[in-house]
Structures are given as C-alpha cells and as structure tokens.
Amino acid sequence: MKNIWKSALHITVGFGGLIVIWQLVASFGGFNPALFPSPWKALLGFGELVGNGSLLLGIKDSMIRFLIGYSAAVVLAVALGLLLGWFSHIWGFVNPVVQWLRPISPLAWMPFIVLWFGIGDLPAIIIILYAAFFPVLLTTVSGVAKVDPTYLKVARNFGIRQPQIFFKIIFPAVFPQVMNGLRLALGTAWVFLVAGEMVGAQSGLGYLIIDSRNNLRADHLMAVMIVIGVIGFLLDTGIRQLEKLVSKNWGHSLSGKGV
Amino acid sequence: MTVYITVKDVSQRYVQKGKEYCALEHVDLTIERGEFICLLGPSGCGKTTLLNAIAGFLPVKEGSITIDGQEVKEPSEKYVTIFQNYGLLPWRNVQKNVELGLESKAISKHERQQIAEHYIELVGLRDFRHHHPHQLSGGMQQRVAIARALATDPEILFMDEPFGALDALTRYKLQDEIAELQKSQKKTILFVTHDIDESVYLADRIVVMSPNPGRIQQIIPVDMGRPRDRTSADFFRLRDRVFEAFGMLPPQTTEYFI
C-alpha cells in the first residue's frame, strides 16, 4: 500500500513538473504557438481527434497490426528458437547470419518492404514481425542451452522421449526466459510499429503523425505522441504483470534472471 | 542370494588439455539384490562416474556392466537415479513432480494420482502436495525426489550424494528414512557419498575408492544390525576401519579430514 502511494507521488510530481516546464517554455520561450503548442492546446487537439473519431480508428488499426505481427513473431521465434537451441550444431551456422541481420534497423528494410508488399497493413505487420522476432529468438535459444542437464537426465531416466521432452521439459524450463524476450520484443515492436506506419500505411497512429505534420497541426502531433507513449507504457505494464505471474509459478530461483 | 549387478573390468578414460585421465581403472564389483552399497571416496575417485555408468547415463567402452543379466546401454525406468540437486521440475507442484515418472506408463490418470499420493504420504509430505519446490526446504525437496523415484517402483535406486547439500540434522533424519524405506520397499540401493559416517550408518558394504586412477581400493562389509546407533562402540570400530582404509588413522586425535 505504501508503495502504491509512493509511485503515485512519483508519477504525479514527475508529470506535473514536465507539464509545468512545457507550459513555461510555451509561454516564455518565444516559439510560434503553431509550431510549439502549449499543454492546453495539445489537450484541445486531443479532444478534437477523439471527437472526429480519427484517433480511435488509428489506435484500432495500429493495435490490430501490432497484435498480428507480434503474435506471428512470437510463435515463429519461439518454435524456431526451441529447435535451434536443441540442435545447437545448426545454430552454429545460423547464429552468424542472425548476428549480422539483427543490427540492421527494420526501417532500413522499409523501401524493400514497400516495393514488395505495397502500402497498407502488410508492411507495418512485417516491420513488427521483424522487430519482435530477434529478441524472442535469441532469448529462447540461449534459454534452451541453459536448461539444467539434470532435468534431461531425469526425463531420460523415466523413459520420456521426444517430442514429449520438448513439451514436458524444455518448453516449460525456458519459459521464464522466453517471457523475458517477449517483454523486450514488445517494447521494440511498438517503437517500430509507429515508425513503420509513418512510411508505409494509410492509417494508424504512425500515419496520424505524418498526417498531422502535413496539415501543420502541431497540437495533433503532440496529442498523438502522448497517446503512443501511454499505450506503450500500458503494454509494458501488462506484460510485466504476466512475467511476475510466471516467475511466481516457476520458483524464485528462476525469476527475473536471464538476458 | 545371487549376483544382481556385475561390473566387470570397467575402465573409463577421458582426455583433458591433451592429458589422459583415468576416471576408472579395471573396476570389478558385484552387487546382490536388496543390498545397500555405498561408494565412498574423495572427489576425483570415480565414484560418480561408476554410478553414472551403472545407471546407464555413461555407457562404458571398456569392460562390461550387466544388471540382472542384461547389459546396461541406457537409463531405464527400472533403475531410478536421485541427484544431489534433487532434479525436481520447478514449474510443477509436488504432486505433479511425483507423477512425472508415471506419465509414460500405461495407467489411468486416476491411478497415477493415487500412486503419487501414496508415496507423497510415505515421505510425510501430504500437506505439501500443492506446493512448488521453491516453497520447500532442501530436505523436503529431496523427499519429493525420493517419492518420485519410488512411485515408479524401481528395482534399484541410484543415489548421487543425495544428502550432500543438506544440513547435518536434516541429513541424519533423511538417512534414517532412507534406511527404513530400503527395508520396507526392498530396494537395491547404490549410494555415492564422501561422508564416512553416512556410509557406515547406511551400507551393507562400503566400497572404498581411491583417485588417480579411480579404482576400488577395498570393500568393507558392515556387519551391524539395524537400526544402527551412531554412538555405539560397533559403529566406532567400523568407522575406524574405514579411516584406516584411507590411511588416515592417526595415533590419537579426534579430527579427521578427507
């Protein structure tokens, strides 16, 4: 209970301070109000976007793309990660390629993606898939390598064979680490969703950013940015809760460690 | 009594940093059904290697190992190993951990539950059936592992320093329990330890091993009835014999180290 009050205080004072500074800069900074809107103007812009329905539509489109891309990435990366982690000699060949691909920003792929898949939902989904794929893949592979060999000995002893070893031992054993990868991937994917929509989409939050810029509506821009941040924060909070739940069931010895 | 486990002229070599080591050299051992055997020795004497070889985790290249006339090639459900770090699955509760070994058997779910409950009761953890391993003490976790092993009704229990991570009092308690269980469940037990008192307390025969290369130095029969008294004269007499076997019986002192 004390912690809740404490974090409520932190949040209130933190954001209160930010808004005060923002207001001060807007009032006395000498910027053109059309280029640097005050908090109040941003709030009005927010109201306007909610009122004409474009914000909710944008959120809906973005979330659908996000869900599809992220889920596809998770399923693919976990399945592949389990297999590559188990057949570690194959991973030896794949790993260098992954390490080369990983630092290439998903946005660098954008021209190709637009050329190959056109404009619309698909490019944004592919960007998210790409962004979320590697964190999940890498944590899964390293998780499999770290599975306690005693578990595998126990399984062999009791006559448990493949594919049961995967379902009964390996997958549950790496789950806390996979969960860690899922959280990392969620944040990354959200960042790149908006970026992806700025280039290759006709709707969504990223598109709203570009649309606001094209209409020179700095207040809308601010409002959309705030919404993007809030949703990202909520997603992260949600998955953290899930992670806590998992580590509670997996024993403290395994919680919170890993990548 | 007839010979049950036969270890015949087994050697186990491995190469590390270009040097050849001999974990086991020309080891011969026979064990009868229902015997409690302790493999005793300092680290590096090959006692765990020998256990893993007999349990099928480490198939031998030189020599042969047979159990009940069958050559050992891989682990079997008939012979269950209990590890020092328990080997419990942390995501399963006590009940589900004990059921693990029963899941590959052709029995109904209901029967599986009942067998598991029976053995959980046997090790005194009835009230902790729905706890997860991390909620239990080390001694309780090892009890779960023992229940899990017994649930599959194996003929042999292989125990690799099972009480090594427990505090002294818990260790005594579990030693009592395992001695009791061995008698009531009629199991053959092969027990690896570096604790001289533990081996004297538990074993029918103590296999004393020495390192570099790992081999059996001598086998000491423990001709003491059960239950045993850790403070009796007989106990100390046997304890002295073991110390002597290690060449560590000084004229008059009360402290020993391995």
Side-chain angles (χ1 to χ4, degrees), chain A residues 74 78 81-82 85-86 139-140 142-183 239 241-259, chain B residues 48 51-52 54-59 72-94 96-106 112 130-136 138 141 144-145 148-154 156-162 165:
Chain A
V74 168
V78 170
L82 287 174
W86 185 251
T139 47
T140 309
S142 81
V144 175
K146 278 188 223 153
V147 171
D148 188 338
T150 312
Y151 299 162
L152 299 173
K153 271 179 141 183
V154 167
R156 270 182 79 196
N157 200 165
F158 286 131
I160 300 168
R161 302 186 196 290
Q162 293 292 17
Q164 288 303 319
I165 291 182
F166 259 107
F167 297 121
K168 286 190 181 170
I169 310 284
I170 297 177
F171 184 63
V174 299
F175 202 74
Q177 255 192 299
V178 170
M179 205 57 226
N180 210 288
L182 294 189
R183 187 166 58 77
I239 204 160
Q241 291 302 323
L242 204 67
E243 211 180 359
K244 258 190 206 160
L245 203 76
V246 168
S247 62
K248 214 173 114 188
N249 281 321
W250 255 252
H252 298 297
S253 57
L254 286 165
S255 65
K257 286 184 194 151
V259 183
Chain B
T48 295
L51 184 95
N52 276 325
I54 302 174
F57 290 114
L58 195 76
V72 175
K73 291 197 190 98
E74 55 178 359
S76 155
E77 291 120 276
K78 289 198 286 188
Y79 326 121
V80 176
T81 304
I82 291 173
F83 301 93
Q84 182 176 7
N85 53 358
Y86 324 125
L88 299 178
L89 305 179
W91 56 89
R92 287 180 173 228
N93 65 21
V94 170
K96 291 279 171 198
N97 259 296
V98 176
E99 282 181 28
L100 180 75
L102 301 164
E103 286 169 7
S104 34
K105 299 200 169 188
R112 196 164 74 208
H130 303 296
H131 283 56
H132 278 80
H134 68 94
Q135 296 169 299
L136 305 176
Q141 291 190 45
V144 177
R148 180 173 70 182
L150 291 175
T152 60
D153 194 24
I156 309 173
L157 286 182
F158 294 108
M159 307 184 82
D160 188 5
E161 298 192 27

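Below, each value reflects all heavy atoms present in this structure, side chains not excepted, and no hydrogens, waters or symmetry copies. So you know, we letter chains A, B, ... as the sequences are listed, proteins then strands, and number each from 1.
Heavy atoms of B/Leu102 lying under 4.5 Å from chain A are absent altogether. Of the atoms belonging to B/Asn97, not a single heavy atom falls under 4.5 Å from chain A.
Taken to the nearest 0.5 Å, the CD atom of B/Glu103 stands 4.0 Å off from the NZ atom of A/Lys168. Rounding to the nearest 0.5 angstrom, the gap separating the CZ atom in A/Arg156 from the OG1 atom in B/Thr81 is 10.5 Å. One finds the CZ atom of A/Phe158 at 12.5 Å from the CD atom of B/Glu99 (value rounded to the nearest 0.5 Å).
Counting heavy atoms from C-beta outward, A/Asn157 and B/Phe57 have side chains that approach closer than 4.5 Å. Taking the side chain as every heavy atom from C-beta outward, A/Val154 and B/Leu89 never approach each other to under 4.5 Å.
In terms of non-hydrogen atom pairs under 4.5 Å with chain A, the most contact-rich of B/Arg92, B/Arg148, B/Gln135 is B/Arg148. Put simply, of B/Ala149, B/Gly56, B/Gly101, B/Ala55, the one with the most heavy-atom pairs under 4.5 Å next to chain A is B/Gly101.
Residues A/Tyr151 and B/Trp91 place their aromatic rings such that the two centres sit under 6.0 Å apart.
Residue-environment remark: CZ (A/Phe166) exceeds the threshold of 12 foreign heavy atoms within 6.0 Å.
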